[in-house]
Amino acid sequence: MPELPEVETIVRGLNEKVLGRTFIDIWTDSKKIVKKPESFEQFKKEIKGKTILKIWRRGKNILFDLSGNKVLLIHQKLTGHLLHGTWSMKHRTWQPKERGPLEEKINTYIHLLFTLDNGKMVALSDLRKFGKAELWETEELKKELSSLGPEPLDRDFDFEEFKRVLLKTRGKIKKILMDQKVIAGIGNIYSDEILWQAKVNPLRQIKTLNKKELKKIYKAIKEVLKKAVELRGTSTSDYRDIEGKKGFFQKQRKVYRREGEKCSRCGAIIKKIKLAGRSARFCPKCQKV
DNA sequence: TGCAGTGTTGCTTC
DNA sequence: CGAAGCAACACTGC
């Protein structure tokens, strides 16, 4: 569900709430969500008593640096929500900042619940159960994460680095932008928005892009992602932050889930097509093939 | 009613 | 090798 800006918002929120806290208990109703170590019991045993030193992000992965050289990795995939608050297990209820039908549902889909030493909790709610939690040794995790592409908002992700990673690949630009091994953190929403801003058609083959177009895509990556982080992510559907609050980027998205509407730049009708098994939205007039 | 679609990833198949 | 298809799972909307 969440891409880089949403995950960044969650990480910032968690850093404000749970830094220095110690895990005292873990509950699940769905042991399969824990992928590493293999048994949930082992996972629980190893995390209990560990203190949270720092929370950070690599691509769309949320990482809790723990005492004892361990790292807890959480990936929310399509429908995960990582939340902070207090729940009564008897009623499985949560008191989020906003109330509504989604919040009620989020409560029912809580499958992993960490209790902290101040009585607060961190919960992973996930309708489709694609999300995962893993416990790694710090050194092992470093190797695991090294297969990801560069962080697009890092200062050293400059135009040269962008060209270097992009021109190694072949295929359609939209698919490549979403490839986590090429650049980390971009998914369906932001690849659509980036390509609209750069005026590049999602079907364009990498090898046909000229320098001017590459430059525009590079610039759009930085600008769109930065803006989306500022606006705390996109909630066109069910994305929420750790307190249950919506983001604001949906108000200024240009193409994502806007098929049939007029392009704000040229007035043509936004089109939706199938690309690499996903839907892609773009303006057929200002993003010509 | 039934089936395509949904923000992800990784494995299998060709 | 790359590209495509699909599975993991559950719900919504046409």
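Chain letters run A, B, ... following the sequence lines, proteins first and then strands; every chain starts at 1. On a predicted model such as this, the values are computed, not experimentally measured, just so you know.
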What nucleotide, of [options], holds the atom closest to the side chain of [X]?
X      : options              : value
A/L78  : C/dT12, C/dC9, B/dT6 : B/dT6
A/K172 : B/dT8, C/dA4, C/dT12 : C/dA4
A/F130 : B/dG5, C/dC11, B/dT8 : B/dT8
A/R128 : C/dA10, B/dT8, C/dG2 : C/dA10
A/K105 : C/dT12, C/dA8, B/dT6 : C/dT12
A/K129 : B/dT9, B/dT6, C/dA10 : C/dA10
A/Y256 : B/dT6, C/dA3, B/dT9  : B/dT6

Apply side-chain hydrogen bond (donor to acceptor under 3.5 Å, both in side chains) to the pair A/E38 and A/Q42, showing each step before the final yes or no.
-> CA-CA 8 Å; A/E38 274 183 34; A/Q42 188 65 21; over 6 Å; no
Just checking, is any N or O donor in the side chain of [X] or [Y] under 3.5 Å from an acceptor N or O on the other one?
X      : Y      : value
A/S279 : A/K272 : no
A/Y109 : A/T79  : no
A/Y190 : A/E6   : yes

May I ask you to evaluate whether [X] reaches the phosphate of [N], defined as a side-chain N or O under 4.0 Å from OP1 or OP2?
X      : N      : answer
A/S279 : B/dT6  : yes
A/Q180 : B/dT9  : yes
A/K60  : B/dT9  : yes
A/Y109 : C/dC11 : yes
A/H75  : B/dT8  : no
A/K181 : B/dT9  : no

Whole angstrom is fine here: how far is it from [atom1] in [X] over to [atom2] in [N]?
X      : N      : atom1 : atom2 : answer
A/K274 : C/dA3  : NZ    : C1'   : 16 Å
A/M178 : B/dT6  : CE    : P     : 11 Å
A/L203 : C/dA4  : CG    : P     : 11 Å
A/K32  : C/dA7  : NZ    : C1'   : 11 Å
A/R257 : C/dC14 : CZ    : P     : 11 Å
A/K35  : C/dC9  : NZ    : C1'   : 11 Å
A/H81  : C/dC9  : NE2   : P     : 20 Å
A/K174 : C/dA4  : NZ    : C1'   : 17 Å

Residues A/H111, A/D126; criterion side-chain hydrogen bond (donor to acceptor under 3.5 Å, both in side chains); working and verdict | CA-CA 7 Å; A/H111 298 305; A/D126 191 353; over 6 Å; no
Using a heavy-atom cut-off of 4.0 Å across all strands, would you classify [X] as base, sugar-phosphate, or nothing?
X      : answer
A/G277 : nothing
A/K272 : sugar-phosphate
A/R170 : sugar-phosphate
A/R253 : nothing

Verify same cluster id: A/F114, A/L63 (apolar side-chain graph, 4.5 Å) |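 No, A/F114 does not connect to A/L63 through the hydrophobic network.
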For the [atom1] atoms, the ones on [N] and on [M], what distance do you get once it is rounded to whole angstrom?
N     : M      : atom1 : answer
B/dC3 : C/dA7  : P     : 15 Å
C/dG5 : B/dT6  : P     : 16 Å
C/dC9 : B/dC11 : P     : 16 Å

For the student: nearest non-hydrogen atoms of A/K222 and A/D154, plus distance =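 Looking at all heavy atoms of both residues, the closest pair is NZ-O, 2.8 Å.
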Across all strands shown, which nucleotide pairs with C/dC9 by Watson-Crick or G-U wobble geometry, both distances under 3.5 Å?
->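 Because no pair has both required distances under 3.5 Å, C/dC9 counts as unpaired.
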